[in-house]
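Structure first, commentary second.
The sequence lines fix the lettering, A, B, ..., with proteins before strands; numbering per chain opens at 1.
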Protein chains: 2
Amino acid sequence: MSEPEPPASPVTNGSPAAEIGSLPLGSPIGIVEVAAASGFSPATVSRALRGLPGVSASTRVAVEKAAATLGYFPSPSASALITGRTNTFGIVAPWVSRWFFSAVIDGAQEVFGAAGYDLLLYPVATPSDPRGGYVINSRAIGKRVDGLLALNVPLMDSSLHSLQTLHIPVVTVGTAVQGLSGVLVDNEQVGRAATRHLLALGHRRIAFFGDDDGSHTDGFTVATDRARGFELEMRDAGLEPDPQLFQVSGFSIDGGEAALHRVFSQPGVAPPTAIFAVSDEVAMGAIYAARSRGLSVPGDLSIIGVDGHDLSYLFDLSTVAQPVKDQGRIAARLLLEQVTGPGPRPPSVVSVGTELIRRGTTGPLGVAR
Amino acid sequence: MSEPEPPASPVTNGSPAAEIGSLPLGSPIGIVEVAAASGFSPATVSRALRGLPGVSASTRVAVEKAAATLGYFPSPSASALITGRTNTFGIVAPWVSRWFFSAVIDGAQEVFGAAGYDLLLYPVATPSDPRGGYVINSRAIGKRVDGLLALNVPLMDSSLHSLQTLHIPVVTVGTAVQGLSGVLVDNEQVGRAATRHLLALGHRRIAFFGDDDGSHTDGFTVATDRARGFELEMRDAGLEPDPQLFQVSGFSIDGGEAALHRVFSQPGVAPPTAIFAVSDEVAMGAIYAARSRGLSVPGDLSIIGVDGHDLSYLFDLSTVAQPVKDQGRIAARLLLEQVTGPGPRPPSVVSVGTELIRRGTTGPLGVAR
DNA sequence: ATGAAAGCGCTAACAT
DNA sequence: ATGTTAGCGCTTTCAT
């Protein structure tokens, strides 16, 4: 976008060379060829093509014309080698194929693409990794990208520090990391909002499906924050959450299914009348499992999720929606600012709002339909 | 994976330098530093670190030790500049956040990552683009990546040819392109299988929800191939498909919804008893719309999709499943072969199998439950 | 088995 | 406003 884009180069091929412009597509075209064709020096060509000042208008036009004719495109490797900038951002994420992550990537790519940046995708180990954190090779990363977007990745201290020392800007999405810019939702408020909704419907026996086994004390606090909001809201209502109604589900559909079966199979434990699921995918699994047990949703059981998943309306799922694609856009802009801006700026944390969407999977207590 | 990974570099920082190894993380460490620390020349370090022959075992160990101690990582830009290889593959896709694409990317990333390649994500205009095709700047791409994966992207002839002339291997997924390697499903058979299933259940009035408006005559033939399979199977059964039951839906949920409402609102046209949707997402939209009209699925209407979407079982959706993640893996391997292999090899097209999954959204004709 | 030297394609000083 | 020169950090002949 920001770079001059040569056309699909309708090079006069095959026929005898009329002039320098008719090089076959296969032959390498460097800045010296453009210089020769335009009659200027490589330095001037470089300046002209990058829109730098100190080039006369006529020269710029001539250079651009020559470059377009030859189908010239500067070598990213060469310019990265000398400028130290790669025009590429990296994005590290535990999954690409989960809705939340792909939606964030989508939003980020939109902004990066418009700014002329490429996007490099780095996989990282899943959070179920026993190490409980993520180590990235900062020197490797640093030489490939101008900045990094970390999606729900609780980078371990060492990775963080080395990244900072190398002056690679990092912006997080979904997790707050001390000293880094980030885009976040207030997950405690999310937990409170969902719980408040269920309480208002008359529910008292509410289960939490999430991932609060405490193994993620390193920064990946999404689930625990939501759980805390749940507990606080319950206590504010004068209720003490039943520990037996906390179920570890991870963030997956399978996890939601399994959790539901578990919570309805505890001998001597009264089942819940409502479930607050840590994500829409967990909620979907729970709905599926509930129906497979012959339970009516919301007649016998109300279920609410979190995310505003693209497909949530198909399940008529009540949810606390967050602007996921926007988070990608915002994070991308934060990263661009850090790279484009003059000096290193203090980390800024952007908190995005959420919205309770009341749909059909939550209903008043005791109103079997 | 294939590269020596320096540890998180527990560099003795802050304290007075005991030796060369204790450089602060911030200072640049190049091959000359490693050479100095190990007592060999840069050339030998380069050879040792890349596992090239002609280096004694003891030297190799010494060099590796020095590199690890210093936390050295070679500059990709510098080596790309000289070797012409970037150790990066590109993947062009119209969407990242649609299930099919993210699943393919997932599979490809798995293979690329294990082979030590990075993955660059390129967005392209959506297929609804009036141009009906995609133009990519081959010179720009060529200097950034060693190969390209094109997902359901009917690249226009010019893009293709320039890519080939530049010797950039391209592998397609989902669409066959003359002269290129690719991974495909036999979409005509997919259409036949779905239709056969519905016919076997007694349905005769079957609608096709897809995208056969004929605008994609440039290679994006997924929908038309499935439509053709549908027609052929119908004719084989002695039935002539009703043109009024062909509905353009694209590949989206919204499209499926809209198509269903349309097909049930045509004055004087008998509605279908079954729908063959070109994708699971279209089928999901159709199910949702059908239920919102008070229709029972499959009591009043059977619906089958295509894909084997991760969430399809939640809808109890019958579908012709394709191994999506595997297609990403296979395509990635094809690309690796082309890059790693000796000479240019002839394009190979891999056809992957599909599987009819009978679930609850399809049922026998006239058995309202 | 190892080293010295040249250079990949570009950009950034420093001329002019 | 434009050209000349040097060099980014590696890899690769070509010597030794």
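One interatomic measurement links the two molecules: CD1 of Ile82(A) to C1' of dG7(C), which rounds to 14 Å at whole-angstrom precision. Rounded to an integer number of Å, the gap from CG of Asn87(A) to C1' of dT11(C) is 14 Å. Rounded to whole Å, atom P of dA6(C) lies 18 Å from atom CG of Leu81(B). The nearest whole Å value for the distance from the CG atom in Leu52(A) to the C1' atom in dC10(C) is 14 Å. Taking atom CD of residue Glu33(A) and atom P of nucleotide dG9(C), one finds them 8 Å apart after rounding to whole Å.
No engagement by Ser77(A) is indicated, since no non-hydrogen atom pair under 4.0 Å with the nucleic acid exists. Nucleic acid contact for Ser41(A): base, since at least one base atom lies under 4.0 Å from a heavy atom of the residue. Heavy atoms of Gly30(B) sit under 4.0 angstrom from primed sugar atoms or phosphate atoms, though from no base atom. Among the protein residues, Arg50(A) comes within range of the sugar-phosphate backbone only, with heavy atoms under 4.0 Å from sugar or phosphate atoms but none that close to a base.
Among Pro346(B), Pro169(B), Pro347(B), the single residue meeting the side-chain contact (heavy atoms from CB on, under 4.5 Å) criterion with Ser181(B) is Pro347(B).
Between the side chains of Ser56(B) and Arg60(B), no donor N or O sits under 3.5 Å from an acceptor N or O. Of the N and O atoms on the side chains of Asp118(B) and Thr88(B), not one donor lies less than 3.5 Å from an acceptor on the other residue.
Taking only side-chain atoms of Arg47(B), from C-beta outward, the nucleotide of dA1(C), dC10(C), dG3(C) with the closest atom is dG3(C).
Between the side chain of Thr340(B) and the backbone N or O of Leu336(B), at least one donor-acceptor pair lies under 3.5 Å.
With contacts defined as side-chain heavy-atom distances shorter than 4.5 Å, the pair Val145(B)/Phe89(B) does not qualify. In this structure the side chain of Thr172(A) never reaches within 4.5 angstrom of the side chain of Val183(A), judged on heavy atoms.
For residues 332-350 of chain B, every residue pair satisfying the salt bridge (Lys or Arg N to Asp or Glu O under 4.0 Å) rule, not counting sequence neighbours, is listed here: Glu337(B)-Arg345(B).
Taking a heavy-atom distance under 4.0 Å as the criterion, the stretch of DNA chain D touched by chain B extends 5' to 3' from dG9(D) to dT12(D).
Where the helix from dA1(C)-dT16(D) to dT16(C)-dA1(D) starts and where it ends, the local axes point in directions that differ by 30°; five pairs per end, rounded to 10°.
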